[in-house]
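So the structure is just underneath, and the comments pick up after that.
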Amino acid sequence: MAEFLMEDGEMAQPENVRLSEDGKAVVILDQTQLPNVTEFLTLDTPKKMYDAIFELQVRGAPAIGICAGYCMYVLSGQIAEETKDYEGFLAKFREQKEYLNSSRPTAVNLSWALNRMENTVVANKERSVEEIVEILGAEAKEIQAEDQRMCRAISEYGLSLIKDGDGILTHCNAGPLATSSYGTALGPLFLGKERGMNFHVFSDETRPLLQGARLTSYELQKAGIDVTLICDNMASIVMKNGWVQACFVGCDRVAANGDAANKIGTSGVAILAKYYGIPFYVLGPTSTIDMNCKTGADIKIELRNPDEIKKKFYEKPMALEEVKCYNPAFDVTDHELIAGIITEKGICRAPYTESLVKLFED
Ligand code: MRU
């Protein structure tokens, strides 16, 4: 396994998403095969790119956005080989953009990054198509670099909320694999580790796709952070035992009123935390806040294949083929359950309708 998490106590850059050497493809670490196999995939066609996002080979809201930026750069190079005419280029660019945008609906970082790339094309319409492609490459790199800076800042703010020795419960995976480095919900734990602090982390396994078991416990264990893997239905008992001082989770889309969509099961954790008097924090970059969504009711929840529940990680099917399944990939945590939303610009507290607006004022 690539030792990409800690080198000499420092966070190393995880190469979960990057451009190929010749710039003609996007290379991703296939997260569906972790923790058993480390395989990198080369994405050089729209279909491969769409499938990689849809199949969660690249996943986690910020990482999806970073990947989408690089994908549009690679595709723009291909389009430029066919047409040097700006209008023709833009039309084809938009077609590919819409195709990638349809791969997953909930994480706003996907459309956010795609729109940013399109805006870059439009803002440079006086330039040649070749120049536009070059500028798009720089923009994609900047999306990734910005995410690194945002994760680092989120980690600092998150760390200020916990103390050495605390127990932290997390759900799904919001670590380096899901971002560019550090992660969001896991960032404070990695940063604390660098500073000699120790936390006890409870990682929900996160049914049905097991991001907590396969990715979070893997990332933390590799980094030498004390992690205990639990089934999702064990969160209550570890809270009741007094082992959890805070919950840290990531987010896929935060509405203007603070309602936050994250991996299915997150809202249940928040409800339990409220019952046991444990602060529940949502950590994410401002690129995950969608001020166009008034409340969580406006967030589209992705529905996925029932086989993920019945078959995906089992040798034999775990239910009769004909049994009905409901498989929403995300749920929305009500803003009233959230003690704080931690962004790279600071910690927002209720009322979120005011504190989130302030984030975007400067
Ligand atoms: O379906 P996934 O694995 O892409 O869902 C990921 C999550 O829900 C993460 O918590 C979220 O994207 C934040 S990642 C920093």
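Each ligand, and each atom within it, is numbered from 1 in the order the structure gives.
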Side chain, backbone, both or neither: the part of Ala174 lying under 4.0 Å from ligand 1 by heavy atom
both
Quick one, Ser267 with Asp331, criterion side-chain hydrogen bond (donor to acceptor under 3.5 Å, both in side chains). Give me CA distance, side-chain angles, the key distance, then yes/no.
CA-CA 6 Å; Ser267 66; Asp331 61 22; 3.0 Å; yes
So which heavy atom in the protein is nearest atom 3 (O) of ligand 1, and how far is it from that ligand atom?
Arg59 NE, 2.5 Å
Phe89 six-ring face occupied by Lys84 cation (under 6.0 Å, within 45°)
no
Counting only heavy atoms, which portion of Thr266 has something under 4.0 Å from ligand 1: side chain, backbone, both, or neither?
neither
Going by atom types only, do Glu194 and Tyr182 share a side-chain donor-acceptor pair under 3.5 Å?
yes
Where is the nearest protein heavy atom to atom 15 (C) of ligand 1: which residue, which atom, and how far?
Thr184 OG1, 3.2 Å
Applying a heavy-atom cut-off of 4.0 Å, say which part of Lys263 lies close to ligand 1: side chain, backbone, both or neither.
both
Answer with side chain, backbone, both or neither: which part of Cys251 has a heavy atom less than 4.0 angstrom from an atom of ligand 1?
backbone
Mind checking whether Leu34 and Tyr218 have side chains closer than 4.5 Å, heavy atoms only?
yes
Shortest protein contact, atom 14 (S) of ligand 1 (heavy atom only)
Ala178 CB, 3.6 Å
Applying side-chain hydrogen bond (donor to acceptor under 3.5 Å, both in side chains) to Asn173 and Thr216, what does each step give before you reach the verdict?
CA-CA 5 Å; Asn173 172 262; Thr216 297; 3.1 Å; yes
How far is atom 9 (C) of ligand 1 from its nearest protein heavy atom, and which residue and atom name does that atom have?
Asn262 OD1, 3.3 Å
By number and element, which atoms of ligand 1 are closer than 4.0 Å to a non-hydrogen atom of Asn173?
9 (C), 10 (O), 14 (S)
Is the terminal nitrogen or CZ of Arg304 (NZ for Lys, CZ for Arg) located under 6.0 angstrom from the six-membered ring centre of Phe54 and within 45° of that ring's axis?
yes
Would you mind telling me if ligand 1 is within reach of the side chain of Leu56, the backbone, both or neither, using heavy atoms under 4.0 Å?
side chain
Among all protein heavy atoms in this structure, tell me which lies nearest to atom 11 (C) of ligand 1, with the distance rounded to 0.1 Å.
Asp252 OD1, 3.2 Å
With a sphere of 6.0 Å drawn around OH of Tyr275, does it hold more than 12 non-hydrogen atoms of other residues, nucleotides or ligands?
no
Among Arg59, Gln211, Arg214, which residue satisfies the side chain to side chain donor-acceptor pair (under 3.5 Å) criterion with Gln31?
Arg59
Heavy-atom nearest option to atom 4 (O) of ligand 1, drawn from Gln211, Arg104, Arg304:
Arg104
